[in-house]
Structures are given as structure tokens and as C-alpha cells.
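Both backbone and side-chain heavy atoms feed into the values below; hydrogens, waters and symmetry mates do not. None of the values given here were measured: they were computed from a predicted structure.
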Number of protein chains: 2
Amino acid sequence: MHKEPDTKTSYSAGELAILEAAETLFAQKGFAAVSMSAIASLANTSKPNIYHHFKNKNDLYLAVMTTAVRRTSTLLDKLEVSPGTFSERLTEFSAGQLDNILGHKRSTQLILRETLTEDSEHGQEITRLVMGEVFSRLVAMVHQGQQEGEFRQNIDPTLAAFLIVSANMFFFQAFPAMQHIPEVDFSDDASAYSKGIMDLLTNGMLQKGEINVAST
Amino acid sequence: MHKEPDTKTSYSAGELAILEAAETLFAQKGFAAVSMSAIASLANTSKPNIYHHFKNKNDLYLAVMTTAVRRTSTLLDKLEVSPGTFSERLTEFSAGQLDNILGHKRSTQLILRETLTEDSEHGQEITRLVMGEVFSRLVAMVHQGQQEGEFRQNIDPTLAAFLIVSANMFFFQAFPAMQHIPEVDFSDDASAYSKGIMDLLTNGMLQKGEINVAST
DNA sequence: GTCTATATAATGATAGAC
DNA sequence: GTCTATCATTATATAGAC
């Protein structure tokens, strides 16, 4: 049957074509800027056929968002982290998340777009759904690293996790623009980026061996 | 005269009301989701009156974006940084940028939204316009800090600047959503946040021998 | 399930009075 | 400069044939 996308978990070939076309366009232009005609055209079908499979435009959007969220969050669960120092584990996990983001650009774009729409709390809910798990695991890693003595005690694990996630998300979001700023010269290699930010986060910027100038 | 918003730098009271209403709605919902009627209604005027002052919807949007960009980037120039260690200067500058962002939420939202629209390279240009200067100054600070021996040589100043900017932008963008994740417990005080991330970036997460214990 | 054709509502934009 | 009234276009959504 059709018209219950919220609970639906498998789609026919035709429906998948519609969903993919819709996801592409919604990600590129946003909900309101995309017409059902445009979706039909990209999906190589007709407008009424879309309405046969999805109740209305909003339901189609919900179906797209649901599959996007499912896709990005399930891939995360599979991300096993090999043993090593906690710095290494964080680096690996961070690289995994960035890979996940870059491997699902359309979904990520959709979710970020939703974040900016303060229409309802719908966007916030989706953000939590997608990033809550990454966040929890990062916080847990940092916390454990503290307990085992690898990390300093007087840092907020939440803050550290937040920094890692923000670096990854912003890399995706702003890199195309930043790339053309003269000062920006680091490569767009995701794993190199992950290593770079984790090196900064673990070792810090200060010269080692120097006196750590007593902070304010 | 009217209908040349690109070069225009001062507006009448009526035009300002229209621009403000338009900025609010465009920031909340995005260009396509906002109707001229809605803008007219919020600005307490009529649709034809908007068309009297602005050539069309797209020109109105351009005028809104132009003033938004001008507003956020000029405030940055005024940000003087007091002397001190480079860690302290970076902290102050970062806090200044975050203040700037939080003080112009609508403008920031508009710009971030534009970043996500891969319609043209227009969004990228705006991003560079708004963030290029912040970026340059951050990179210069880090670089100078390296030359004067405060910071390690083997870090990429660009990467450090990127981390700071991303932390600030993402704080604005995702904090409302993240706030409700159980693990997130740090305050939403902007300057405390800036101090926190700069502490992490300068001192790093690793336990450094035994010298580093005295802090906050 | 998929189409052609169409109903209906809303949108961007204009004409013309004051 | 600001309005009422209106046009032309496009949008979502449906009816009904195959």
C-alpha cells in the first residue's frame, strides 16, 4: 500500500526513483524551491504518479528525510574502533564520521538545511537523531581516556566532542567556499584532515617543554 | 531613486521596514518559502509598495543579503585585540567573532543558508566575503605565534583557524539542537565557550607530564 | 500503476486611482 | 509613495481513461 511513508521501510523500484530524485532536489534547493513537476521530471515519471505513491509533497519530504536520517545513522553504528591510545581511537572515529558525511552528501545537506529552519523543533529533533549517537560515543571515549590517565582531567568531554563534530560538519559545509581563500592551503583529504585536527586537539598548539603560561 | 539595490547604501524608513521584515522571513524560511505578501504583511505595508521600492523579489533578496554581509563584516574590522600571549589574543578574537555571530543571528542564518545552496557559486562568494577576513586574521595570529615561539612549528595555521571558526559557526548552528542531548551539559555562555575551546586548542587534551595541573 | 487533462489556489508582478 | 483591484503564471493536487 501507499501513503504511510512514516512507517514504511521498503520501497518499490519506482518509489525509489522518486525518492532519489526528490532527495537530490530537496538537498540542492530546499523544500519550497522544488516543484513536484521537477521531481517527476528528474525521476522520469509523471506528477500524478508521485501522488499515487505519496500522499502529498510534505509526506514525500518526510519520507526522504526519514531514509536520509536512517542511512547516515545506521552506518555509524557499524563503525568499530580498533584498540590503541584514545587519541588514535578518536582520530579513527572522527575520520569515520567524516567519511560517513562525505559519503552521504545529499543526506547531510538535507539535515543541515533542516537545522537552519527554525520553523518548528523538527529540525532539532533530526539533528539529535543523527548526531546524538556520534556525540555519546565521542563523549564516552574522552571520558574513558580521562579515567585511564591519557587525557587531562580538567577538560569538558562534551566540549571536546563538540569540537570534533563541529570540525567535521563545518569541513563539509564550508570547505568548498573556504578553499578559494588564499590562506587556505590544506588538502581536502578527509583522513589527513582528521589526523590534523586530532593532532591539534590532543597535543595542543603550545610549544612542548616550554612553560605553560599559567592561564588567566 | 529605486530599483538599484546593488549600489544603494542608504534606505528610507519605509524601505528599512521592508528590508527588516524580509530579512527575518528569509532567514527563518529561506528565499522560496517566503511570499511577497508575507513580507508586506510583516512590514505593515502592501505588496505593490514593495515593488515600488525594489524591482522584484530577487532584487529584494540581494539587498537583504548585501546589508547582512556588510553588517557582519564591518563589525569585525573594529575588533581590536589587546596585547598578551597569542593564546589570549586568539581567545579574545574568537570570543569577538562568536559575539558578532550571536549578535546578528538573522544575518548569520542567511549566510549559512546560502552556503548550503549549491545553486551557483554565489553562496561561496558570500561565505568568503564574510569569513575571509576573520580567517586571514586568525591565520596571521597563529603564524606570528609560531614565529615568536609560543606555538609549535609543525602545525598548520590554516587548520587551527579553521577549527576556531568551525567551532563558532557550529555553536551557533547546532547548539539549540545539541542542548537537549543528555551528554551536553556545558553552558551557553559564549565567552566561557570560547575560553573552553581555546584552552583545548592551546593546551591540548593530553596529560603533559605533571606541570600542567594549575588551571582555572 | 501509469498516463492526459484539468480543477483550484497561491504566487510574482502590474495598472491605475489617490 | 501608498493603496485597491487585477493579470498571468505556476503550484499543489485530483479525476478519470488505459
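Checking C/dG12, D/dA5, C/dT4 against the side-chain heavy atoms of A/Ser46 singles out C/dT4 as nearest. Which of C/dA13, C/dT2, D/dT12 sits closest to the side chain of B/Asn56 comes down to C/dA13. Side-chain proximity of A/Thr45 to the nucleotides C/dT2, D/dT2, C/dT11 is greatest for C/dT2. In the set D/dT4, D/dT14, C/dG1, the nucleotide with an atom closest to the side chain of A/Pro48 is D/dT14. Relative to the side chain of B/Lys57, the nucleotides D/dA5, C/dA13, D/dT2 differ in distance, and C/dA13 lies closest. In this structure, of C/dG12, C/dA13, D/dA13, it is D/dA13 that holds the atom nearest to the side chain of A/Lys47.
Under 3.5 Å, the side chains of A/Thr115 and A/Thr127 contain a donor-acceptor pair of N or O atoms. With 3.5 Å as the limit, one finds a donor-acceptor pair spanning the side chains of B/Ser136 and A/Glu183.
To the nearest angstrom, C1' of C/dT2 lies 15 Å from CZ of A/Phe54. Rounded to whole angstrom, the span from the CG atom of A/Asn49 across to the P atom of D/dA17 amounts to 18 Å. Rounding to whole angstrom units, CE of residue A/Met36 and C1' of C/dT6 are separated by 17 Å. Spacing between atom CG of B/Asn58 and atom C1' of C/dT11 amounts to 15 Å, rounded to whole angstrom units. Atom CG of B/Leu16 and atom P of D/dG1 are 13 Å apart (whole Å). Atom CD1 of B/Ile18 is separated from atom P of C/dA13 by 14 Å (rounded to the nearest Å). In this structure, B/His53 places its NE2 atom 12 Å from C1' of D/dC3, rounding to the nearest Å. Atom pair A/Leu60:CG and D/dA11:C1' shows a separation of 15 Å (rounding to whole Å applied).
Residue B/His52 places no side-chain N or O under 4.0 Å from the OP1 or OP2 atom of C/dT14. Under 4.0 angstrom from either OP1 or OP2 of D/dA13 there lies at least one side-chain N or O belonging to A/Tyr51. One finds no side-chain N or O of A/Ser12 lying less than 4.0 angstrom from the OP1 or OP2 phosphate oxygen of C/dG1.
Applying the ring pair (Phe, Tyr, Trp, His ring centres under 6.0 Å) test between B/Tyr193 and each of B/Phe171, B/Phe172, B/Phe175 identifies B/Phe171 as the sole match.
Between B/Phe54 and B/Tyr11, the angle of the ring planes lies from 30° to 60°, which puts this pair in the tilted group.
One finds a salt bridge joining A/Arg71 and A/Glu23 here, because a Lys/Arg side-chain nitrogen approaches an Asp/Glu carboxylate oxygen to under 4.0 Å.
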